[in-house]
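Below: the structure, in structure tokens.
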Amino acid sequence: MGKMCEAEAAKSGLGSGGMSWRYLFMFSIMLNLSLLFSRFTQDIKTSATGFVGSGEEQRKPDLSPLSFTDKPPACAVAKMGTNSYCSAIGVDNPVINLDHGDPTMFESFWRSMGDRGSIVISGWQLMSYFSDIGNLCWFLEPEFARQIRRLHQVVGNARSEDHHIVVGTGSTQLFQAALYALSPSDASEPTSVVSAAPFYSSYPSITDYLKSGLYKWAGDAHTFEKKGPYIELVTSPNNPDGYVRKAVINRTGGILVHDLAYYWPQYTPITSQADHDLMLFTVSKSTGHAGTRIGWALVRDKEVARRMTKFIELNTIGVSKDSQLRAAKILETVSDSCGHSDDSDHPAENFFEFGRRQMTKRWEQLRDAVVKSGMFSLPKFTNDFCNHTGQTIEPHPAFAWLKCEGGIEDCESFLRGHKILTRSGRHFGVDSTYVRISMLDRDETFNLFLERLSGIRS
Ligand code: PMP
């Protein structure tokens, strides 16, 4: 509308006689108030339900367990802070999604830390591909490497002094880099990759999705009998069942990859400093920063570290520097919180104490709910001395490995009938009487889950 027309409009219709302006003004205020109110009620419902949907719309059981790329469940999307959540608006008993191990439980700790975990990156910084051209892993930020070694020293969970560090986009990328680096390139057939069942459900699909000529998924390590070289993945504590593990095959020609994503004091007693040839760690499970997509490998052999670096160079030409520096700050904050801070006037809460307290409470509540229901069982763990805390403590794994009792054969479907989404034992190489349940969701979701589970009776 030109200036002339605007002036005309002001003078005529809308502008005539003051009354219309007043109506318009009041109408606009009422509209804004009603929008604000509906947004407010959405937020309340969202914060009460966490990451939930409304029943039928949830992902279908035949979808891959890694369904982030699948169409999201139809739901109302609400905003809370800077995040969007799927909220079952208007539904009394929303679907509780504990299928993924999304570590949102740790958000409340990081909120309480305020700016201690923040970094600022100016527009001109971190622009080059290169981080440390003198280093074997040339895209590794030196500050991140320093904080990794410091944290392992503070926690006492792994020796890093004699190891090269390779950074990856999550330990998922490092796992693939390890398979690439450890498989002989001149072998007549792909190297077998195995892990003892129940194994982490992503290992088979990540190993085979590109149909590599270098390596191939060969299933449960307990039943693996093929002669020749193999790679055994040892996950300790294990995802999904939480038990501490050792290699099961122990044959010459075997190479071990230790996935130590959960070897941190909030989940398990730290009984010794791990000192394996190839160890994988991730901020996803250590500090809860899954969205930062940063993992690291501690690799004893220089040539293996070089080949892993090559894989990441070919795959993504390095790893986000922004993310590495964010991860460095997060690790620094965690180490400081363990009583190693110079800031003794304002000591932060110990991160691992926070995590351990939360996990202890959740496991106690879960065991109570299971007893109340009488339809399920859980693994039992033995206490062990933790060198980090100096106390004898019980393991509190990041996942509950729940078994349906009383002749229920498909535990995942059974729980889905009660609007609880879990991951079936089938995805982990065992039978469907088991399901894996995330213990790391937000309080609101976890409390709803407890209430729902304890109400299921035969
Ligand atoms: N290993 C194990 C045993 C895991 O449970 C996970 C995450 N679920 C990963 C690796 C992958 O971690 P990241 O987010 O660093 O890719």
Side-chain angles (χ1 to χ4, degrees), residues 51 64-69 97-106 144 148 151 157-158 165-179 193-207 209 217 221 231-247 256-264 266-268 274 276 278-298 308 311-312 315-316 319-320 323-324 326-327 330-331 359 395-401 422-423 427-429 435-441:
F51 187 77
S64 144
L66 272 181
S67 58
F68 286 124
T69 49
N97 190 347
L98 296 173
D99 173 1
H100 300 292
D102 203 18
T104 44
M105 182 191 88
F106 297 104
F144 184 46
I148 288 170
L151 186 62
N157 62 342
I165 297 175
V166 181
V167 61
T169 300
S171 66
T172 299
Q173 189 182 35
L174 289 163
F175 165 59
Q176 295 167 72
L179 297 185
V193 180
V194 295
S195 187
F199 43 72
Y200 173 37
S201 51
S202 294
Y203 289 152
S205 41
I206 295 175
T207 306
Y209 78 109
W217 178 250
I231 297 170
E232 182 178 346
L233 310 166
V234 182
T235 313
S236 185
N238 190 37
N239 172 358
D241 62 14
Y243 287 117
V244 168
R245 286 191 153 185
K246 287 190 167 27
L256 302 180
V257 173
H258 281 83
D259 186 339
L260 304 185
Y262 302 96
Y263 192 43
W264 295 98
Q266 67 270 48
Y267 305 121
T268 192
H276 308 288
L278 204 164
M279 302 180 271
L280 301 180
F281 292 93
T282 166
V283 292
S284 302
K285 307 300 165 152
S286 54
T287 70
H289 291 81
T292 306
R293 306 305 306 126
I294 287 288
W296 66 96
L298 301 180
M308 287 178 71
F311 175 91
I312 293 170
N315 193 222
T316 45
V319 174
S320 163
S323 282
Q324 288 188 60
R326 179 172 191 219
I330 294 295
L331 297 196
M359 297 305 287
H396 298 113
F399 295 102
W401 188 231
T422 61
R423 195 173 295 185
H427 299 294
F428 303 89
V435 289
R436 189 195 74 172
I437 296 174
S438 170
M439 295 291 286
L440 300 183
D441 214 294

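Note that the structure is predicted; figures quoted are calculated from it, not measured. Start at 1 and go down the list; that is how both ligands and their atoms are numbered.
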Practice task
Using the six-membered ring wherever Trp is involved, compare the ring planes of His258 and His276 and label them parallel, tilted or perpendicular (cut-offs 30° and 60°).
Solution key: parallel
Problem - Where Pro198 and Arg245 come nearest, the two heavy atoms and their spacing - result: O-NH2, 3.4 Å
Handout entry: Exercise: do Arg423 and Ser201 side chains pair donor with acceptor under 3.5 Å
Key = yes
Exercise for the section: State, yes or no, whether a side-chain contact exists between Met359 and Met105 at a heavy-atom distance under 4.5 Å. Expected result: yes
Exercise for the section: Step through it carefully: locate the ring centre of Trp401, locate the ring centre of Tyr243, and say whether they are under 6.0 Å apart. Expected result: no
Exercise for the section: Identify, chain by chain and in numerical order, each protein residue with a heavy atom under 4.0 Å from an atom of ligand 1. Expected result: Gly170, Ser171, Thr172, Tyr200, Thr235, Asn239, Asp259, Tyr262, Thr282, Ser284, Lys285, Arg293
Practice task
Can you see which heavy atom on Ala197 is nearest to which on Gly429, and at what distance?
Solution key: CB-O, 3.7 Å
